[in-house]
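Have a look at the structure below before the remarks.
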There are 2 protein chains.
Amino acid sequence: MPARPTSKPRARRQKPEARPYHHGDLRRVLIDAALQLAAEGAEVSVREAARRAAVSPGAPFRHFPNRDALMAAAAEEAQRRFRAEIEAALGEAKGAEAAADPLLRFRAFGLAYLRWAMRNPAHFEIISTGRYFAHGSSPELTRDNAELIALTEQMLADAAEQGLLRSADLKRIQIAGRALVYGFARMNLDGHFPRWGVGKGEVERMAEGVIDLFISGIATTD
Amino acid sequence: MPARPTSKPRARRQKPEARPYHHGDLRRVLIDAALQLAAEGAEVSVREAARRAAVSPGAPFRHFPNRDALMAAAAEEAQRRFRAEIEAALGEAKGAEAAADPLLRFRAFGLAYLRWAMRNPAHFEIISTGRYFAHGSSPELTRDNAELIALTEQMLADAAEQGLLRSADLKRIQIAGRALVYGFARMNLDGHFPRWGVGKGEVERMAEGVIDLFISGIATTD
DNA sequence: CCTAAATGTAATCGATGATTACATAACGGA
DNA sequence: TCCGTTATGTAATCATCGATTACATTTAGG
């Protein structure tokens, strides 16, 4: 083989599989890799995400100024999925009798919340913990979360208007409800449900029971 | 100055302040450094702990096989303090009318729990999260925690016996109570109480209100 | 076409957890 | 009192990680 001239011949894509120099949509692939890594329980490192994207260790920094930005983007994606599932559940609940009963919608919300958190623990953690990237570093995530909270507040306000609540302190009820659901999700996440781990169904059933207990505690009607 | 012989002259401690080759109780100092680092919100690294103890980066590994073991030891220390505070609060409650009322003791427990968690957020996180060292890696911590849980179960059993509870499903009540308190603590920890951050008192007052709401929800007597 | 911006690569830096070989101190029995 | 064993700290080294920089290649627009 004769020595090639210093300038390489233009790389012609001979097969469509040949990876081009420019990655199709590296940003997206990196976010997915980060979410996948988290879901596997592994440490999420920029390098590993780059490795999965079959790209050099420095490449991700063309799309994210630093690790936190990647994590924030991953969190936003997870939050999008989280919210989509909750709104889907509320959409279904609207068809049923829940449309008229704010507490039933409240219940549906809590169930969807915990269901998702049980099935996507690592993603829930990324969303909620604020330890994987600077808190408030993602306005989108903050706004998105605020809207979900406003939704629950509306439900409680409706319930109060219909005389369904024993207490008039809506803020207190709202915080307690959030704490209950958030705490349950995190207990699951942090390994406080050791035995039940095997049968996922049992945890979800307990989640339902806990929500019902809370609602029966704040409701006038038994 | 003439060249010294290869064997250094014996190091005589001329002042008591002169640090001896052997650190007094490095293990203890490292644990305290780790807790202090956590409390400052900094990353807890073995090296930094060693730095604070004015010791070489490798020294800690004479006392802990790896970073996790150091974190586990720190968690055990934090848990000891946590438990001490709770038991102290329960001791005080015994003197009052709470001695006879299991739900008042339950309340005192929850208050002490949240009070400590609000004031030592980083230590609470180390204890509860199981992310700083392998979960179940510390039998002491696990046992200690189980005993605290058993305590609450006893309170609920007493309350049920006295006909103070609306529901007979004690397990459900217990899980819900844990989730509520744990969730509130973690919400504070994870920055879900943005505005109130300034006035700590407000968060603690809300903690009290949330606990009362829960108890009034499960109690027969209004 | 040809240049400029976008995007990926390669090399490098400082910090970290971890391991190893070595040095020094502390302790206890002869 | 001396000596040797053990506990404990030091020094040197390694791989990994986040991050930065200089350079290469591709893509797009005038």
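Keep in mind it's a predicted model, so treat the numbers as computed, not measured. Every chain is numbered from 1 and lettered A, B, ... according to where its sequence line falls, protein lines coming before strand lines. The basis for the numbers below is simple: all heavy atoms, side chains too, and nothing from hydrogens, waters or symmetry mates.
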Could you tell me whether the side chain of A/Leu70 reaches within less than 4.5 Å of the side chain of A/Tyr132, counting heavy atoms only?
-> no
Letter per nucleotide, 5' to 3', of nucleotides 14-21 of chain D [B base touched, S only sugar-phosphate touched, - untouched; heavy atoms, 4.0 Å] | ---BBBB-
Under 3.5 Å, side chain of B/Asp190 to main-chain N/O of B/His192, donor-acceptor pair present?
-> no
Should the pair A/Glu147-A/Arg143 be classified as a salt bridge under the 4.0 Å nitrogen-to-oxygen rule?
-> yes
If only side-chain N and O atoms of A/His63 are considered, is one of them under 4.0 Å from the OP1 or OP2 phosphate oxygen of C/dA6?
-> no
Go through the structure and list residues passing salt bridge (Lys or Arg N to Asp or Glu O under 4.0 Å) with A/Arg51, not counting sequence neighbours.
-> A/Glu48
Under-4.0 Å salt bridge between B/Arg205 and B/Glu202 | no
Round to the nearest Å and state the distance from B/Leu37 atom CG to C/dG17 atom P.
-> 11 Å
Could you tell me the separation between the CG atom of A/Asp25 and the C1' atom of C/dG8, rounded to a whole number of Å?
-> 14 Å
